[in-house]
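Heavy atoms only: backbone and side chains are in, while hydrogens, waters and symmetry mates are out.
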Amino acid sequence: MKDKNTKSKRIALTGGAAAAEALRQINPDVAPVYPITPQTPIIEGFAKFEADGKVDTEIITVESEHSAMSAAIGASAAGARTITATSSQGLALMNEVLYIASGTRLPILMLVSARALSAPINIHGDHSDVMGARDSGWIQIFSENAKEVYDNTIIGMKLAEKVEFPVMVIMDGFTTSHSVEILETLPDEVVEKFVGKFNPSRSLLDLDNPVTFGPVSLPDSYFEFKIEQSKAIFDAKDEYLKIVKDFASVSGRSYDIFEKYKTEDAEHIIVLMGSTVGTAKNVVDELREQGKKVGLLKIKLFRPFPYKEVAEILKNAKNVAVMDRAISFGSVPPLYSEIINSVFSFQLSVFSYVYALGGRDIFAENIESVFEDMIKGEKFEGTKYLNAKNL
Amino acid sequence: MNQDKNIFEIIFHARAGQGAKSAAEILAQAAMNEGKYIQAFPYYGPERSGAPTKTYVRISNKEIRTHEPIVDPDLSVVLDDTLLESTDVAKNITRNENLIINTKKSKEDITEVLGGFDGNLKIIDATDIAMKTVGLPASNSVILGKIIQVIGVVKLDSLKEEFRKIFEGKIGKKMTEKNILAIERGYDSL
């Protein structure tokens with residue numbers, strides 16, 4: 001590698017380019033990719049680094065996202081530090097193989113620019129694609145802006161290899177992936193040292209210690225595999241906390257499993273994740289200036305979901321509203337469902353809102369209306385749709 | 001719509017392929033180099049060459065947290081006057097706010113098309129200036145010069161420096177300097 005960045009740099013990048021910059025510094029061994037529509041600037045940026053000789057990565061171009069994930073599984077099982085990126089229909093096409101990556105405990109890092117799913121055809125920002133993968137056994141980390149995309153990419157790589165689970169680092173499609181924002185990158189050396197060298201505990205190419213990956217597991221053993229996998233992904237939360245603490249010591253930027261914003265004495269709290277959090281913070285500040293006791297809980301770690309910690313934050317609130325950017329057809333929206341599960345042991349009014357599907361605009365005034373509903377004590381059943389046309 | 005009035009907001013109206021996204025990013029980068037906070041993002045419609053596009057820029061002295069689209073800009077920039085037929089480019093541009101239009105038409109003609117517009121209208125034949133300086137209808141460079149003449153949101157030198165940084169490797173020194181001249185002509189235009 002040449003032209004190393006020896007200093008922190010304040011630069012303006014799209015969220016996708018911020019991910020690519022972090023990936024350059026991580027210098028993965030293998031990146032199987034299928035960058036076709038819905039394309040993002042992630043692989044575009046990273047492939048340029050590879051073409052310019054700035055990474056040692058072998059990029060494998062394949063014929064579909066299903067193949068990209070399959071190749072990632074092969075590379076990771078062989079002992080290579082492996083990354084890929086996708087979005088929308090591409091993630092949906094990967095679905096079958098996502099489970100193989102997690103069940104085989106392969107530390108693949110995947111950047112996802114979260115977007116809507118067809119039909120009807122739409123490739124705009126939305127959380128439907130990543131919500132479709134929420135039970136696939138991958139760790140899922142949401143990012144608010146380009147700055148967090150960069151940081152989460154570095155944290156996600158280290159976490160994957162530490163806990164031996166695949167990790168999805170998620171940014172909002174377009175709003176984050178294609179918007180130029182300011183971030184501060186770390187020196188190459190700091191990132192290199194932070195993620196360290198990848199030493200897999202077992203690999204196909206470790207000929208002295210032969211192992212089998214992906215064996216048959218019949219009714220006498222499959223059940224226990226899944227029980228252990230379930231326990232292990234919950235345990236990953238503690239490692240995540242350790243890693244973000246280490247990250248704070250090298251970057252000065254501290255993270256938690258979530259970000260609580262003015263929740264301490266808040267009577268009315270909105271829970272949400274992704275890029276709309278920034279807009280919602282402005283609304284909280286404005287309502288606070290009017291003396292209204294409102295706050296915000298931003299979920300970062302969605303899988304494993306931190307039920308107990310979330311309950312601790314919400315237990316003293318009068319009302320909670322959950323804003324989902326996806327629908328779970330025939331059920332309640334996904335984040336709402338997690339919040340209900342978190343607070344089931346105590347009496348709390350939790351209301352459901354869905355916003356910005358398929359890239360529909362979401363304004364501060366829409367978020368303000370959610371707080372106003374809670375402040376007025378308006379109770380309702382089911383889900384309200386923000387900034388949707390009356391049907 | 002944006003409640004934080006410390007943020008300066010710009011909308012570029014153009015047709016896909018006219019370089020509004022590049023212009024927006026150069027302006028944002030130049031502002032960042034002056035220590036400001038920025039956001040630059042396109043509004044993605046059904047993108048195809050010639051389709052109307054919108055590109056947004058925010059510039060602020062404070063961190064920008066909102067991710068709303070811009071609906072009440074402080075400045076609207078129009079790279080192609082045929083958009084006036086289909087798009088309300090003057091929307092929410094009120095007194096003391098600016099509307100810059102690249103056009104060969106007279107100010108009177110444009111004012112008539114706009115109807116009861118009460119903001120500041122600045123017209124410039126950026127395409128003509130670009131043909132004379134760059135030799136191509138690259139009106140976006142000229143428009144960049146005009147923008148900072150009108151709103152002074154970044155310094156001319158910062159803009160030129162950023163342009164050189166981004167484009168010298170891509171289009172060569174000679175072409176870059178022609179575009180720099182185009183920026184200067186836009187900046188000096190009446």
Pick from A:I11, A:N366, A:D172: which one has the most heavy-atom pairs with chain B under 4.5 Å?
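Ranked by heavy-atom pairs under 4.5 Å with chain B, first place is A:I11.
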Tell me whether [X] at atom [atom1] has more than 12 heavy atoms from other residues, nucleotides or ligands lying less than 6.0 Å away.
X      : atom1 : result
B:E112 : CD    : no
B:K104 : NZ    : yes
A:K262 : NZ    : yes

What part of A:I362 gets closer than 4.5 Å to chain B, counting heavy atoms only: side chain, backbone, both or neither?
backbone
Is it the backbone or the side chain of A:D285 that comes under 4.5 Å from a heavy atom of chain B, or both, or neither?
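Side chain only.
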Which atom pair, heavy atoms only, marks the closest approach of [X] to [Y]?
X      : Y      : result
A:H178 : B:P42  : O-CD, 3.6 Å
B:G35  : A:R10  : O-NH2, 3.6 Å
B:Y37  : A:I182 : CA-CD1, 3.6 Å

Please classify the contact between [X] and chain A as side chain, backbone, both or neither, with a heavy-atom cut-off of under 4.5 Å.
X     : value
B:K36 : backbone
B:A40 : both
B:E25 : side chain

Spacing of [atom1] belonging to [X] relative to [atom2] belonging to [Y], to within rounding of 0.5 Å:
X      : Y      : atom1 : atom2 : answer
B:E68  : A:N282 : CD    : CG    : 7.5 Å
B:R65  : A:T276 : CZ    : OG1   : 14.0 Å
A:T176 : B:F41  : OG1   : CZ    : 10.5 Å
B:I64  : A:E181 : CD1   : CD    : 8.0 Å

Considering only heavy atoms from C-beta outward, does the side chain of B:T66 approach that of A:F363 to under 4.5 Å?
no
Side chains of B:H67 and A:N145 in contact at under 4.5 Å (non-hydrogen atoms)
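With C-beta onward as the side chain, the pair touches.
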Taking it one step at a time, do A:K147 and B:E63 satisfy salt bridge (Lys or Arg N to Asp or Glu O under 4.0 Å)?
CA-CA 12 Å; A:K147 188 166 68 178; B:E63 188 182 0; 3.1 Å; yes
